[in-house]
Engineer: 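Dumping the structure here so I can ask a few things about it.
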Amino acid sequence: MTTIKTTNLGFPRLGRKREWKKAIEGYWNGKLTKTELDDTLQDLHRENLLLQKNHQLDSVPVGDFSLYDHILDTSLLFNIIPERFQGRKVDDDLLFDIARGNKEHVASALIKWFNTNYHYIVPEWDNVTPKVSKNALLERFNYAKSLNIPAHPVIVGPITFVALSKGGSQSFEEKVRTLLPLYIEVFESLVQAGANFIQVDEPILVTDQGSDLEDITQEAYEAFAGAELDQHLVIQTYFERANVKFLSHLPIKGIGLDFVHDNGENLTQIQNGDFDHTKVLFAGIIDGRNVWAADIESKKHLIDTLSGYTDTLYINPSSSLLHVPVSLDDESLDTDIRDGLSFATEKLDELDALKRLFNHNDTTKFDTFAQRYARFQQQDFKNLTYDFDRIRSERTSVFAERKIAQQKRLNLPDLPTTTIGSFPQSPEVRKYRADWKNKRISDEAYETFLKNEIKRWIDIQEEIGLDVLVHGEFERNDMVEFFGEKLQGFLVTQFGWVQSYGSRAVKPPIIYGDVKWTEPLTVKETTYAQSLTDKPVKGMLTGPVTILNWSFERVDLPRETVQDQIALAINEEVLALEKAGIKVIQVDEPALREGLPLRKVYHEHYLRRAVHSFKLATSSVADHTQIHTHMCYSQFGQIIHAIHELDADVISIETSRSHGDLIQDFEDINYDLGIGLGVYDIHSPRIPTESEITTAIHRALQQIDRSLFWVNPDCGLKTRKEDEVKAALTVLVDSAKKLRHS
Ligand code: GLN
Ligand code: ZN
């Protein structure tokens with residue numbers, strides 16, 4: 001039998017109980033000194049390393065652990081410091097300031113890491129002086145060595161790093177060339193320190209853009225080979241198929257490929273003879289992005305197949321385990337469900353089971369996993385039947401007619417004002433929710449608190465003079481988890497957190513069975529709010545595409561089917577709200593853009609199905625019910641037609657960070673449905689002035705028909721303080737009123 005080795009590409013930083021987050025936030029809030037922070041994080045880092053070593057990995061990744069984000073670490077390593085932060089000592093405080101902004105300067109941009117919900121800090125190249133400032137990677141590698149851990153350094157490669165950067169006057173190629181000697185310096189230091197191989201992450205190579213980057217990739221890796229690094233570097237790809245033939249011809253030691261999220265195409269290329277068998281193959285066979293236990297029998301066959309094509313085979317997760325929670329150990333779950341699950345720690349166990357089987361003919365662990373998997377497959381979580389054609393997926397009338405019916409009922413002024421849904425989740429709100437969850441207070445006490453809070457904010461909105469009000473979402477922890485808790489087919493874990501950005505973590509629900517709506521989810525709060533005012537209160541739901549994208553999804557059904565199941569459930573809620581007299585209903589889809597597949601060939605299918613699900617959820621209302629949707633800014637150009645096809649009566653978009661481009665996108669397709677653009681950046685505690693808001697409105701009105709335009713802030717008011725929100729919304733409403741045609 002083949003001998004195989006096991007490794008990992010990255011481990012979650014958060015800690016089993018989010019110790020990482022708590023320590024870092026503790027430091028920010030002044031509750032921990034820097035030494036205390038360093039000590040806590042070092043303990044956690046050591047624990048992560050030892051845990052991986054104890055799972056018998058032949059090599060444990062180092063360099064994945066970070067105080068915020070590994071791309072930002074790389075920027076600091078190479079002294080790519082945003083101009084406004086230059087001149088300071090390169091240390092952790094600088095790192096936090098770049099990531100979060102400080103009193104003087106705004107933070108660097110956060111962008112979603114490929115098609116995941118992890119966000120990295122965008123490197124800024126304006127007027128930088130690249131050099132190796134402080135070789136933190138070497139320090140971490142030496143630390144692992146001191147613990148006797150077989151380790152390999154991980155670093156994002158030059159092509160991906162530059163591709164994710166912005167600013168600077170140099171061309172793409174010039175930036176890469178500037179970095180090459182610096183990478184060589186770092187690589188050499190690591191080789192001298194004993195690194196057997198270095199994992200160089202180049203996920204950009206799996207995107208469409210990657211094909212255009214092959215020349216510069218070739219040049220870069222030849223330069224590394226010129227420095228005699230060819231026998232030390234492994235190019236690691238993930239999230240999609242790579243060009244195996246191209247990678248095989250590069251002067252490198254090994255190639256890492258994703259065999260889970262590649263639509264089978266990496267294996268096909270290998271079977272076509274595109275892989276050079278003298279290279280080490282790092283086979284990503286265990287899903288690094290989902291929580292399901294592996295079908296371990298089929299993994300065994302995959303290893304058998306792959307071992308025919310390489311002299312040296314490592315097996316590992318398909319990507320960093322950053323995207324899954326740490327361990328199942330802390331969850332109290334029924335065994336029937338537990339059998340089917342695998343978090344980061346358990347995934348390492350699966351690798352170990354496979355290694356024991358292949359290298360030592362030891363079947364014990366393998367058999368246990370195989371039996372569990374088989375047991376889970378027999379469970380009956382999918383016993384519902386759906387009639388997807390039961391409900392309309394088109395509104396009965398066209399927008400122009402609906403608009404008249406809605407206006408008759410809503411009687412809205414010119415330039416109507418509204419908000420995106422949430423109001424501040426004050427410490428008090430969070431405390432009440434936690435107390436209620438932990439049964440420290442009664443249902444009645446919690447309900448009374450929620451009612452008071454809703455009433456308080458309805459009064460505030462009336463006072464400010466907003467036109468379409470919201471109840472404030474005080475009962476919700478998170479816009480997806482909340483629905484996961486209430487819909488059948490979802491499992492909400494206790495500690496299943498994953499990092500979203502910086503210290504922010506989310507707890508995606510797990511869709512394990514058929515989805516079903518069994519009771520009203522939001523009707524009580526929404527109708528209570530509506531009973532307090534004559535103004536329309538907007539019901540607030542999360543859409544099917546976003547619920548699916550921000551959950552761990554089933555893999556035993558096509559995702560489109562699951563998405564439509566969710567759409568039917570949301571549709572029930574839409575109809576329940578309508579029946580209860582709610583005249584405006586918003587169905588948020590902030591994750592629609594992020595779910596777009598990395599490769600263009602899959603875009604059209606994805607968008608068609610996303611539009612279909614949204615319409616399934618929203619189209620069966622009467623003409624006079626106004627459907628809103630909301631999205632957050634993220635390069636809409638590519639999907640603008642799909643947004644139009646949603647046929648939502650009003651879309652509100654978070655824009656303040658890229659105003660001009662966005663309006664251009666909407667202008668290009670002659671958008672002819674209602675639209676509101678965020679007219680001030682809620683991410684800053686600064687209160688906008690009337691003239692700023694007026695300017696933003698005027699600018700938008702140059703492109704957008706006035707009769708379609710709504711005035712609203714960006715999303716995220718739940719993260720702000722009450723006083724800030726009141727003051728800013730007052731300015732917003734006053735500005736709109738002054739511009740109104742009476
Ligand atoms: N209705 C949600 C809110 O206001 C929308 C959140 C989002 O855009 N991500 O918080
Ligand atoms: Zn948003």
Side-chain angles (χ1 to χ4, degrees), residues 8 10-55 57 59-77 85 88-102 107 118 120-121 132-155 186 189-190 193-195 320-322 324-327 329-330 343-345 348 495 497-505:
N8 185 18
F11 197 75
R13 299 160 187 150
L14 270 180
R16 280 167 68 150
K17 300 275 170 70
R18 288 182 296 159
E19 296 86 344
W20 184 83
K21 170 198 176 71
K22 287 170 196 158
I24 290 174
E25 290 180 354
Y27 174 64
W28 294 343
N29 300 334
K31 287 188 198 120
L32 249 63
T33 65
K34 185 65 178 43
T35 318
E36 285 166 337
L37 174 70
D38 290 342
D39 289 349
T40 314
L41 292 188
Q42 189 168 80
D43 286 349
L44 190 58
H45 188 205
R46 187 177 55 237
E47 238 172 72
N48 287 353
L49 293 171
L50 289 174
L51 181 140
Q52 294 177 84
K53 180 189 174 194
N54 294 339
H55 281 78
L57 291 188
S59 191
V60 174
V62 175
D64 54 337
F65 194 79
S66 170
L67 266 71
Y68 202 96
D69 161 49
H70 52 284
I71 301 298
L72 179 55
D73 290 347
T74 315
S75 302
L76 291 198
L77 175 64
F85 290 103
R88 286 175 50 180
K89 186 161 167 252
V90 178
D91 59 11
D92 295 342
D93 287 324
L94 176 66
L95 180 140
F96 288 140
D97 280 358
I98 295 173
R100 309 172 65 218
N102 60 17
Y118 177 78
Y120 67 91
I121 300 277
V132 177
S133 43
K134 174 171 160 252
N135 195 341
L137 184 55
L138 178 65
E139 286 170 23
R140 291 213 166 106
F141 181 69
N142 281 330
Y143 175 65
K145 249 183 29 180
S146 74
L147 297 171
N148 268 324
I149 301 215
H152 68 269
V154 184
I155 184 170
V186 172
S189 73
L190 294 163
S320 167
L321 296 174
L322 185 66
V324 292
V326 179
S327 162
D329 278 353
D330 305 304
F343 291 177
T345 310
L348 299 180
F495 302 103
W497 299 94
V498 292
Q499 189 186 356
S500 171
Y501 65 90
S503 69
R504 280 296 193 92

Engineer: Are more than 12 heavy atoms, taken from residues, nucleotides or ligands other than Tyr501, located less than 6.0 Å from that residue's OH atom?
Structural biologist: no
Engineer: If the test is side-chain hydrogen bond (donor to acceptor under 3.5 Å, both in side chains), which one of His70, His45, Glu19 qualifies with Arg13?
Structural biologist: His70
Engineer: Check step by step if side chain to side chain contact (heavy atoms under 4.5 Å, CB included) holds for Leu49 and Phe65.
Structural biologist: CA-CA 10 Å; Leu49 293 171; Phe65 194 79; over 6 Å; no
Engineer: Could you please spell out the steps behind the side chain to side chain contact (heavy atoms under 4.5 Å, CB included) verdict for Leu190 and Leu138?
Structural biologist: CA-CA 6 Å; Leu190 294 163; Leu138 178 65; 4.1 Å; yes
Engineer: In sequence, state the C-alpha distance, the side-chain angles, and the governing distance for Ile98 and Leu72, and then conclude on side chain to side chain contact (heavy atoms under 4.5 Å, CB included).
Structural biologist: CA-CA 9 Å; Ile98 295 173; Leu72 179 55; 3.9 Å; yes
Engineer: Hey, is CZ on Arg504 packed in by over 12 heavy atoms from elsewhere, all under 6.0 Å?
Structural biologist: no
Engineer: What is the distance from atom CD1 of Ile24 to atom OG of Ser66, rounded to the nearest 0.5 Å?
Structural biologist: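 It is 7.5 Å, given to the nearest 0.5 Å.
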Engineer: Treating Ser133 as the side-chain partner and Leu76 as the backbone partner, does any N or O pair qualify as donor plus acceptor under 3.5 Å?
Structural biologist: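 Judged by distance alone, yes, a pair lies under 3.5 Å.
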Engineer: Does Val60 reach the side chain of Asn48, with side-chain heavy atoms less than 4.5 Å apart?
Structural biologist: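 Result no, sub-4.5 Å side-chain heavy-atom pair not found.
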Engineer: Atom CG of Asn8 and atom OG of Ser320: how far apart are they, to the nearest 0.5 Å?
Structural biologist: 7.0 Å
Engineer: I'd like to check the side chain to side chain donor-acceptor pair (under 3.5 Å) partners of Lys34; sequence neighbours left out, ordered by chain and number.
Structural biologist: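 So Lys34 forms a side chain to side chain donor-acceptor pair (under 3.5 Å) with Asp38, Asp92.
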Engineer: Working to the nearest 0.5 Å, report the span between CH2 of Trp20 and CG of Leu37.
Structural biologist: 10.0 Å
Engineer: Would a 4.5 Å heavy-atom cut-off, applied to side chains only, mark Val62 and Tyr143 as touching?
Structural biologist: no
Engineer: Less than 4.5 Å apart, side chain to side chain, heavy atoms only: is that true for Phe96 and Asp91?
Structural biologist: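 A side-chain contact is absent here, since even the closest heavy-atom pair is not under 4.5 Å.
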Engineer: Just how far is it from atom OG1 of Thr40 to atom OH of Tyr27, taken to the nearest 0.5 Å?
Structural biologist: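 Thr40 OG1 to Tyr27 OH: 12.5 Å, rounded to 0.5 Å.
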Engineer: Could you give the distance from CZ (Arg18) to CD (Glu25), rounded to the nearest 0.5 Å?
Structural biologist: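 Atom-to-atom, Arg18:CZ and Glu25:CD are 8.5 Å apart.
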Engineer: Taking Asp69 for the side chain and Ile121 for the main chain, is one N or O donor matched with an acceptor at less than 3.5 Å?
Structural biologist: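 At least one qualifying donor-acceptor pair exists.
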Engineer: Rounded to the nearest 0.5 Å, what separation is found between the OH atom of Tyr118 and the CG atom of Leu322?
Structural biologist: 6.0 Å
